[in-house]
Amino acid sequence: MNFFELVAQLAQGLVSTVVVTLVCSGTGMAVGLTVAGLRRMGYARVVPFLDGFTYIFRGVPVLVLLFLVYFGLPSVGIKVGPLLAMALSLGLIAGAYLAEVFRGALDSVEASEILAAEAMGMSRFQILTSIEFPQMLRLAVPGMINEFTSILKYSPFAYTVGIAEITKQAMTLTATTLRGIEIYLAVGVLYFLIYRILLAGVHYLEKRYQVPGLGTT
Amino acid sequence: MALIRIRNLVKQFGNHTVLDGVNLDLQKGEMKVVMGPSGCGKSTLLRCINRLVEPTSGTILVRDQDIMGAEVDVRALRQSIGFVFQQFALYRHLTVLGNVMLGLRKLRGMSRAEAEAQALFQLNHLEMADHRDKYPSQISGGQKQRVAIARALAMDPAVVVFDEPTSALDPVMVREVADLFNRLNREGVTLLCVTHDLALASQIANRVLFLDQGVIRADDTLENLAKHHPNDQVRAFFGEKEGRS
Amino acid sequence: MNGWSGFQRDLVEQMPLILAGLRQTLQLTVIISVTGFLFGLVVFYFSNSPYRWVRSLIQGYISFFIGTPLIVLLFLMYYGLPQWGLKLSPFLVAVIGFTMNVAAYNAAYLTTARNGLDPTEIESARAQGFGRGQIFRWITLPQVLRLSVPALTNQCIGNLKDSSVAFLIQYTEFFARIQELAATNFQFFKAYLLAAGVYLGLVSILVLMARQVEKWTRLPGLGR
Ligand SMILES: Nc1ncnc2c1ncn2[C@@H]1O[C@H](COP(=O)(O)OP(=O)(O)O)[C@@H](O)[C@H]1O
Ligand SMILES: [Mg+2]
């Protein structure tokens, strides 16, 4: 087996790695936007819950939460599939971090524009979705890139719950070929390539939706 | 019937009384100017009219409807009052066209094509159609103001209120703003403008209201206020600046 | 069901092992925080080298380690190196792997902070006759370190949480001991909940400590 055959074998896990990363990123975005949005809407009564959520999910290691969800919940009668377990651990943790990223970016939205939208007769929710979020998302790009990268880097944990992603393929290959050095080097390179593609994708989107005078480049 | 009728309007922030019994009438088709030193409560007065600020007491009737009533639809009220802010407050993430279209799409529920046609009509009217695809950071202050006015007019409001329309502009722009206001007013737009810019006031109105210490202290021509008002401070306010401009 | 009582009995029985694991976790966290910081300083120093190739090399290093999972690096050393007859202990693998990874992150934080510095300060230091190393030591580093305190302390908190990964290479730290606890009585939920609680508690302590450090290192007029 030469180096390229190894890579080809590993690439079989690529789809799973990408799926896990996208599912957790999607969960993280949905949760992050919801938490940041609820906080922004100013319902004083939910704020302690939002605080509690971000505090807990930023304080527990991904692996511990993953095991709690995947191996722990069945023992109290809740069965959770591997991908859902990833979403409920890595995805929720990413959501807690993204919520903080979004909170910071929302603070940079001009108060005068929000007032103008209010004066126009927009509802709080309309202001959130048509003024604050569109601006915030552009301002939050660097923080979002950090978080997506982080999700990709934690995605190998999926092997511990039986998802046959890249790292799992590498472990199987190593066991049969005993050529761990080449294999894990190839895995490292593969992740690095995914990372660069992800980065290029985000930068493409950033450019596509770039607005002069708003956000960083 | 007055379009806007304000009686005994009081606004307190904590125990600081900003408005202390303001009375004001605005007729349909009228252009009214309220003047006063900075901090006298001009912005607060405007914000009470569309309930961006909740009045402490008094009544405000807009088209004979008491806007303080519990059953009042605040958002509908706001849609009927065009508001042009001091710094114009264009939405930074939207183009000139997008700024004017937003309200039509989200509040009036127009289709994209309908909203675009209506927005372009207003932008044309304010000579800003050529700049339709630019972003706020790419146009000048005067142009921003025109877009903000187009954005307000597009909603077909009963009245357009202006908060210090010249304070964020170059002084040489005053003439242009005055011409624009006069033109809009001739075309039938009702305007309520608060300012402390005498040059602007003198070019758009004969009479002005003087807001000071929480009440309308005078309602007179600029000349009378400068020369014959019994109060020294009032004469100083209108006289001193007139000399400069 | 003898759920709780069984769990509690096992917990008490295994407490010495769990505490030993906790000690390992804290030990690893402290070591990699220190080595990651020191190596990060070295990487940061060379990131501004006058030689282009050195700068590119450093850029590549930072980018690669930020872009690849730590666990792959750990597996490379733990499962790969024996192929060359090099068998490292889990502890050593963890220390080396974390150090390289954490250093890349720390260097990135420091670089970001340096980009925010006032370039005229460096110029005036040069005009005064300071040398390269002197400028780094006396002008750049003190400011950059202060500006990076929040990021650096955050990294330490991340180190504590990430140290749980070490159990995947058979390092018997806290989380590994919790697995053993769970395996003896099959009370997985309780065991992992306990683990989550312990990490949360430790993180809280670190957060409080980080705030203190931020307070001590703050200079009037510099950053934040
Ligand atoms: N939201 C607020 N809370 C407390 N005080 C306010 C608030 N808004 C305005 N004020 C005070 O009310 C007074 C009038 O303000 P404003 O209406 O902005 O004056 P003007 O527009 O005439 O300069 C000022 O003293 C100001 O500090
Ligand atoms: Mg004002």
Side-chain angles (χ1 to χ4, degrees), chain A residues 17 55-78 89 93 142 145-146 149-150 152-157 159-160 166-167 170-171 173-175 177-199, chain C residues 3 25 60 63-84 86 101 105 108 112 154 157-158 160-168 174-175 178-179 182-183 185-204 206-207:
Chain A
T17 290
Y55 186 74
I56 289 170
F57 283 84
R58 294 196 315 158
V60 176
V62 178
L63 202 56
V64 175
L65 189 59
L66 176 62
F67 278 36
L68 179 64
V69 171
Y70 189 75
F71 300 109
L73 285 185
S75 74
V76 291
I78 307 167
S89 52
I93 287 174
I145 288 179
N146 280 347
T149 306
S150 176
L152 172 67
K153 294 181 53 170
Y154 284 118
S155 72
F157 291 172
Y159 95 77
T160 62
I166 297 175
T167 314
M171 295 173 91
L173 268 177
T174 309
T177 63
L178 301 175
R179 287 168 60 188
I181 294 181
E182 293 98 311
I183 290 167
Y184 285 110
L185 276 179
V187 168
V189 172
L190 209 52
Y191 275 106
F192 187 65
L193 289 179
I194 302 173
Y195 163 66
R196 298 308 294 213
I197 292 169
L198 186 99
L199 214 56
Chain C
T25 288
S63 178
F64 187 77
F65 281 97
I66 285 181
T68 50
L70 169 66
I71 193 172
V72 173
L73 183 62
L74 298 180
F75 280 9
L76 170 68
M77 286 189 284
Y78 192 68
Y79 295 115
L81 287 183
Q83 179 190 336
W84 289 347
L86 199 56
N101 189 270
Y105 272 96
T112 309
N154 244 337
I157 294 168
L160 168 66
K161 290 190 289 170
D162 285 344
S163 71
S164 57
V165 177
F167 107 84
L168 294 176
F174 173 67
F175 195 46
I178 290 292
Q179 308 278 2
N185 53 34
F186 300 104
Q187 300 280 338
F188 291 101
F189 188 73
K190 284 171 198 159
Y192 295 140
L193 201 59
L194 173 71
V198 169
Y199 278 107
L200 201 56
L202 291 176
V203 165
S204 305
L206 281 190
V207 168

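Please read all numbers here as calculations on a predicted model, not as lab measurements. Throughout, a chain's letter reflects where its sequence line sits, starting with A, and its residues are numbered from 1.
In this structure the side chain of F67(A) reaches within 4.5 angstrom of the side chain of Q179(C), judged on heavy atoms. Side-chain contact between Y192(C) and L65(A): absent, with no pair of heavy atoms (C-beta onward) separated by less than 4.5 Å. Residues F75(C) and T174(A) have side chains not in contact (no heavy-atom distance under 4.5 Å, counting atoms from C-beta outward).
Ring geometry for F64(C) versus F192(A): interplanar angle of 30 to 60°, hence tilted.
K161(C) approaches R58(A) most closely through the heavy-atom pair NZ-O, 2.6 Å. Closest approach of K153(A) to F65(C), counting heavy atoms only: NZ-O, 3.2 Å. Nearest heavy-atom pair, F186(C) versus S75(A), reported as atom, atom and distance to 0.1 Å: O-CB, 4.3 Å.
By the ring pair (Phe, Tyr, Trp, His ring centres under 6.0 Å) test, Y78(C) pairs with no residue at all, sequence neighbours left out.
Contacts of V203(C) with chain A are made by side-chain atoms alone, with heavy-atom separations under 4.5 Å and no backbone atom involved. In this structure, no portion of S163(C) lies under 4.5 Å from any heavy atom of chain A. Within the 4.5 angstrom heavy-atom criterion, only side-chain atoms of N101(C), from C-beta onward, approach chain A.
The aromatic ring centroids of F71(A) and F189(C) lie 6.0 Å or more from each other.
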